[in-house]
Colleague: 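Take this structure first; my questions come after.
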Amino acid sequence: MQNIYNVTFEELEKYFIDKNDKKFKAVQVFDWVYKKRIKSFDEMRNVSKQTIKDLNENFYFEKLSIIKKQEDTDVKKYLFNLKDDEKVEAVVMYHDYGTSICISTQVGCNMGCKFCESGRLKKVRNLEVYEMVTQILLVEEDIGQRISHIVLMGIGEPFDNYDNVIKFIDIVNSGKGLDIGSRHITVSTCGIVPKIKEFSNYDKQVNLAISLHAPNNELRNSIMNINKVYKIEDIMASVKEYIAKTNRRVTFEYILLKGINDTKKCALELCDLLKGLNCYVNLIPYNETSHIEYKKSDKESILKFYDILKKNNIGVTIRREFGSKVNAACGQLRSHYEEG
Ligand code: SAH
C-alpha cells in the first residue's frame, strides 16, 4: 500500500501500464486527486468500479494535520503534526505577484548554521514526499486560495533529502497535478556541492538559491559548519557549471548579521566573488530569535551593503520582512511550541 500523495504522475502511469490497463487512467486519477481534491477514490465518477477497487487495494490517502496557526496581515504560519508526532512548519506569504509558501523538507537539520533556529534540533528524519505535498494541499484548503509560488526554505536542507524533493517537485509541477510552474519553484541549499551538480542535470527549470552568507571561507566556517565540507571555491565551481548547463540565473542569499558579515569589506569581497556571474544577491534582514545571540544589522548598514553591490553591478534585492510578529524564522514556531 502506498500513500497516493507519494506517487508521481509517471509512476501512476507505470502502475496502470504494468496492469495492462490504460495509462490514461493516471490522468483521471491525478485530476480527481489534485484538481477536484477528493479524499477517497470512491468519489471518482468517470472510472469503473473495478478500477476504484484496485486503487483502494493499492493506495491510500493520508495527509499531515495542522495543529497550530499564527496570522499577521501578510503572512500565515502553520505547524503540522506528523504521524510519528514530529512537527514541521510552513509559512504562507501574500505578495502582489501571488501567494507563496515556504515548506519544510526535513524534521530538524544537520547542517549546523549557527544563526538558524531549525538546526537547534538535529535531523530526526527526512520528510516523505507526501509530507511535503500535503503541506501545500492543507494550506490551500485553509486559505481557500491557490498557491502560486513555492520556496523550499523551511526546516531542513532540501539537498540532504534530494530524491524526495525531486519527486515532490515533479508532483507539484505536473500539469496533471498541482500545476505550479517550475519557474515559480525555488530550492535553497546551504551548498551541498555534489547535489548542485546533480541538480544541473534536472530537466525542469526550477530556481536555485545558495545560502552563502559570507564571502570568504574563514568567516563562513565560523557561521556555517557545512563550509568545512564544501568550501566557497567548490560551491562557486559547481554554480558556474550549473549556470553553464542550465543557462539559469542563480540567487545567492546573504543574511546580514550585525558586526559579523555586514561590513564594507565583506560587501567588496562579495562583489569580487560574484563578478561576471549570472546571479543576483538577496540580502536577508536577520530574523532574531531568543535562543541565538546574533543581531540583525541596522537599516543603515543594510542599505550601505546594498549600495556597494549595486555600484559594482551585482544584481541585488533586500528581502521584504514578513511576520516577525509570528515567529517566522524557520524553526521558531516549532521550538516555541515544544519549549513553551
Ligand atoms: N537549508 C536550506 C534551506 C532552509 S534555510 C538553506 O540553507 O538554504 C532557508 C534560508 O533561511 C537560508 O538562507 C537560511 O540561511 C535562512 N535563515 C535561517 N535562519 C534565519 C533567520 N533567523 N533569519 C533569516 N534567515 C534565516
Side-chain angles (χ1 to χ4, degrees), residues 75 77 88-91 93 100-123 126-127 132 135 150-162 164-165 168-169 185-193 195-196 199 206-214 219-220 222-227 229-230 232 235 238-239 250-258 260-262 270 279-297 302 317-336:
V75 61
K77 180 134 192 171
V88 292
E89 2 184 318
V91 185
M93 288 156 285
S100 74
I101 186 168
C102 172
I103 73 150
S104 295
T105 55
Q106 297 181 316
V107 178
C109 182
N110 277 347
M111 299 301 123
C113 300
K114 303 239 165 75
F115 46 80
C116 178
E117 183 78 21
S118 302
R120 290 180 60 241
L121 173 70
K122 290 290 152 243
K123 178 172 117 178
N126 285 329
L127 290 195
M132 296 184 262
Q135 287 176 56
I150 302 175
V151 295
L152 284 81
M153 293 187 188
I155 299 172
E157 166 52 47
F159 281 179
D160 187 36
N161 185 13
Y162 190 84
N164 286 350
V165 161
F168 159 78
I169 296 172
I185 302 173
T186 302
V187 180
S188 177
T189 178
C190 61
I192 312 286
V193 168
K195 294 299 171 190
I196 297 173
F199 196 59
V206 173
N207 303 307
L208 175 64
I210 308 282
S211 295
L212 192 63
H213 307 325
L219 186 55
R220 201 166 190 266
S222 74
I223 56 176
M224 296 174 76
N225 284 343
I226 191 68
N227 202 65
V229 184
Y230 302 113
I232 292 188
I235 295 177
S238 66
V239 166
V250 168
T251 304
F252 287 96
E253 294 160 274
Y254 195 102
I255 297 180
L256 289 160
L257 303 165
K258 191 183 178 81
I260 306 279
N261 65 354
D262 62 349
L270 185 61
C279 71
Y280 83 95
V281 175
N282 196 201
L283 295 175
I284 309 176
Y286 182 57
N287 209 327
E288 291 176 10
T289 107
S290 51
H291 304 106
I292 301 171
E293 83 263 27
Y294 292 112
K295 292 282 171 250
K296 174 179 174 170
S297 298
I302 297 180
T317 50
I318 299 176
R319 181 177 295 170
R320 183 178 145 201
E321 288 174 85
F322 282 94
S324 47
K325 279 192 231 137
V326 297
N327 305 321
C330 352
Q332 280 192 26
L333 188 59
R334 184 199 57 80
S335 64
H336 276 243

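This structure is a prediction, so every number in the text was calculated from the model and none was measured. Values below: all heavy atoms of this structure, side chains included; hydrogens, waters and symmetry mates excluded. Every number for a ligand or one of its atoms is a count from 1 in the order of the listing.
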Colleague: Any side-chain to backbone donor/acceptor pair from Tyr254 onto Asn261? Under 3.5 Å, distance only.
Modeller: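 Side chain of Tyr254 to backbone of Asn261, a donor-acceptor pair under 3.5 Å: yes, one is there.
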Colleague: I'd like to know whether ligand 1 has Gly154 as a neighbour, heavy-atom separation below 4.0 Å.
Modeller: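 So Gly154 counts as touching ligand 1.
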Colleague: Which is closest to atom 26 (C) of ligand 1 in terms of heavy atoms, Ile155, Thr186, Ile255, Ile192?
Modeller: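 The option holding the nearest heavy atom is Ile255.
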Colleague: I'd like to check which ligand 1 atoms, numbered from 1 as shown, lie under 4.0 Å from a non-hydrogen atom of Cys190.
Modeller: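 Here the atoms of ligand 1 in question are 6 (C), 7 (O), 8 (O).
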Colleague: Looking only at non-hydrogen atoms, find the nearest pair between Lys195 and Phe159 and report the distance.
Modeller: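 Heavy atoms only, the tightest pair is CG-O, 3.4 Å.
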Colleague: Does Asn110 reach the main-chain N or O of Lys123 with its side chain, forming a donor-acceptor pair under 3.5 Å?
Modeller: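 Yes, Asn110 side chain to Lys123 backbone: donor-acceptor pair under 3.5 Å.
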Colleague: Which of the numbered atoms in ligand 1 are under 4.0 angstrom from any heavy atom belonging to Glu157?
Modeller: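 Those atoms are 1 (N), 2 (C), 6 (C), 7 (O).
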Colleague: Can you list the residues that meet the side-chain hydrogen bond (donor to acceptor under 3.5 Å, both in side chains) rule with Ser297, with sequence neighbours excluded?
Modeller: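 Residues passing side-chain hydrogen bond (donor to acceptor under 3.5 Å, both in side chains) with Ser297: Asp262.
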Colleague: Can you see whether Thr189 engages Glu157 through a side-chain donor-acceptor pair at a distance of less than 3.5 angstrom?
Modeller: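 Present: a donor and an acceptor within the cut-off.
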Colleague: Which of the atoms of ligand 1 are close to Gly156, meaning less than 4.0 Å from one of its heavy atoms?
Modeller: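 It comes down to these atoms of ligand 1: 1 (N), 2 (C), 3 (C), 4 (C).
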Colleague: What are the atoms of ligand 1, with element, lying closer than 4.0 Å to any heavy atom of His213?
Modeller: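 That gives atoms 13 (O), 14 (C), 15 (O) of ligand 1.
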Colleague: Provide the number and element of each atom of ligand 1 under 4.0 Å from a heavy atom of Cys116.
Modeller: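 Once the distances to Cys116 are compared, the set is 18 (C), 19 (N).
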Colleague: Where the side chain of Arg220 meets the backbone of Leu212, is there a donor-acceptor pair that is under 3.5 Å apart?
Modeller: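 The answer is yes, because a donor-acceptor pair under 3.5 Å joins these two groups.
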Colleague: Does Glu117 reach ligand 1 with a nitrogen or oxygen that is under 3.5 Å from one of the ligand's nitrogen or oxygen atoms?
Modeller: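 No; the residue has no nitrogen or oxygen that sits under 3.5 Å from a nitrogen or oxygen of the ligand.
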Colleague: Residue-level breakdown please: for Thr189 versus ligand 1, do any non-hydrogen atoms fall below 4.0 Å on the side chain, on the backbone, on both, or on neither?
Modeller: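 The answer is the backbone of Thr189.
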Colleague: With sequence neighbours left out, write down each residue that passes side-chain hydrogen bond (donor to acceptor under 3.5 Å, both in side chains) with Ser100, or none if nothing qualifies.
Modeller: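 Here the qualifying residues are His95.
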